[in-house]
Amino acid sequence: MLHISHIKTSSLADYVEPRAHDTIIVMPTTDMKLARSAAEVMSRRTDREGLLVIAEDDLRLGFIATANSVYNKTRSACFGYVAQDAFAGQYWLDYGLHALEKSRAGLLAFNDGRFFGKIAVFGLAMRRWLKSVYGQGVFYTGYHSHFADTELSVIALASGNLVFNPNALLVEVDYKKHLHGNDPTDESLYRERAGQGFDGRIEPFTPA
């Protein structure tokens, strides 16, 4: 089963992985009630073993820094990231892990109901591949809230490492999503980095 644990960002420096897991997934959150509800559904709707770490961001580090911190404190072969507003379909993790294992790709994009595999808004990655991208961390550390998942997905796609299974369903449930714009600083950084090929990792391009 998917076990659930809770950690605060204020105590991440002392975090020790409770035991070895093949799959670890981080859920950064600022709303513990919502996070627990989402995590319980995720746990009930998979038969695969693993650990879901609810990382309560009491220091307000942001999603990216929190996810990176948990990644750097763990050792699993497979590492995923989800948000507190994700609603899991039946066997979401089973389908996701099967797609990764069968394809031997580096990054799986869950079906979030918006991007249909083009961007891993919620993702599952092989740690061996993640280490080849940035060395440490899941995401590029310059972003605060947005575009880190886009950059990671574009790099994965360009190297043939992005895989999608529509049955691996993690729907983003945010009824006010259309009212929130992207962080302009993050968007500007993304455009700048895309023009440089993300530090030479892929061919430079100009985002649409």
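Worth knowing before you read on, the calculation uses all heavy atoms, side chains too, and leaves out hydrogens, waters and symmetry mates. Only a predicted model underlies this, so the values are computations on that prediction, with no experimental measurement involved. Counting begins at 1 with the first residue of the sequence.
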Worksheet item: Rounded to the nearest 0.5 Å, how far apart are CG of L107 and CG of L100?
Response: 7.5 Å
Discussion item. Measuring centre to centre across the rings, with the benzene-like ring taken for any Trp, is F198 within less than 6.0 Å of Y190?
Written reply: yes
Discussion item. For Q136, I'd like to know if atom CD has over 12 heavy atoms of other residues, nucleotides or ligands within 6.0 Å.
Written reply: no
Worksheet item: How many angstroms lie between atom CG of D149 and atom CZ of F63, to the nearest 0.5 angstrom?
Response: 8.0 Å
Worksheet item: Is E101 paired with R48 through a side-chain N to carboxylate O contact shorter than 4.0 Å?
Response: yes
Discussion item. Before we go on, tell me: are the rings of Y140 and F147 under 6.0 Å apart, centre to centre?
Written reply: no
Worksheet item: Is there a donor-acceptor contact under 3.5 Å from the side chain of Q84 to the main chain of T30?
Response: yes
Worksheet item: Do M32 and I54 have side-chain heavy atoms sitting under 4.5 Å apart?
Response: yes
Discussion item. Using every non-hydrogen atom in the two residues, find where N111 and P166 come nearest and quote the distance to one decimal.
Written reply: ND2-O, 3.1 Å
Discussion item. If only side-chain N and O atoms count, and only distance matters, is there a donor-acceptor pair under 3.5 Å linking E151 with Y134?
Written reply: yes
Worksheet item: What's the verdict on side-chain contact (heavy atoms from CB on, under 4.5 Å) for S76 and T23, showing C-alpha distance, side-chain angles and the deciding distance?
Response: CA-CA 6 Å; S76 59; T23 303; 5.7 Å; no
Worksheet item: Do the side chain of S188 and the main chain of P184 share a donor and acceptor less than 3.5 angstrom apart?
Response: no
Discussion item. Holding to side-chain hydrogen bond (donor to acceptor under 3.5 Å, both in side chains), I want the full list of residues that pass it with H6, two or more places apart in sequence or in another chain.
Written reply: E56
Worksheet item: Are D57 and T9 close enough that a side-chain donor and a side-chain acceptor fall under 3.5 Å?
Response: yes
Discussion item. Less than 3.5 Å apart, any donor N or O on the side chain of R36 or T29 sitting next to an acceptor on the other?
Written reply: no
Worksheet item: In the hydrophobic clustering (ILVMFWY, side-chain contacts below 4.5 Å, transitive), which residues join Y95, or is it alone?
Response: Y91
Practice prompt. Would you check if S5 and L52 make a side-chain contact, meaning some heavy-atom pair closer than 4.5 Å?
Written response: no
Discussion item. Looking at S43, is its backbone amide N or carbonyl O close enough to the side chain of T46 to form a donor-acceptor pair, meaning the two atoms are under 3.5 Å apart?
Written reply: no
Practice prompt. Give a yes or no on whether the backbone of L93 and the side-chain of R45 come within a donor-acceptor separation of less than 3.5 Å.
Written response: no
Item to complete: Find the distance between CZ (F110) and CG (N165) and round it off to the nearest 0.5 Å.
Response: 9.5 Å
Worksheet item: Under 3.5 Å, is there a donor-acceptor pair between the side chain of N68 and the main chain of G137?
Response: no
Practice prompt. Please check if the side chain of R127 supplies one atom and the backbone of Y71 the other of a donor-acceptor pair under 3.5 Å.
Written response: yes
Discussion item. Looking at K33, is its backbone amide N or carbonyl O close enough to the side chain of S37 to form a donor-acceptor pair, meaning the two atoms are under 3.5 Å apart?
Written reply: yes
Worksheet item: Would you find more than 12 non-hydrogen atoms of other residues, nucleotides or ligands less than 6.0 Å from D22 atom CG?
Response: no
Worksheet item: Which salt bridge (Lys or Arg N to Asp or Glu O under 4.0 Å) pairs, counting each pair once, include a residue from residues 58-85, with sequence neighbours left out?
Response: E17-R75
Worksheet entry | Which residues share a side-chain hydrogen bond (donor to acceptor under 3.5 Å, both in side chains) with D186, sequence neighbours left out | none
Worksheet entry | N161-S159 side chain donor-acceptor pair, cut-off 3.5 Å | yes
All N/O donor-acceptor pairs, side-chain side in residues 115-122, below 3.5 Å, sequence neighbours left out:
none

Worksheet item: Going by heavy atoms in the side chains, are P207 and R191 under 4.5 Å from each other?
Response: yes
Worksheet item: Which distance, rounded to the nearest 0.5 Å, do you find between the CG of L12 and the CG of L61?
Response: 7.5 Å
Practice prompt. State, with a plain yes or no, whether a side-chain heavy atom of F79 is found less than 4.5 Å away from one of I25.
Written response: no
Worksheet item: For the side chain of W92 and the backbone of M42, is there at least one donor-acceptor N/O pair under 3.5 Å apart?
Response: yes
Worksheet item: Which pairs, with at least one residue in residues 196-206 and sequence neighbours excluded, count as a salt bridge (Lys or Arg N to Asp or Glu O under 4.0 Å)?
Response: R193-D199, D199-R201
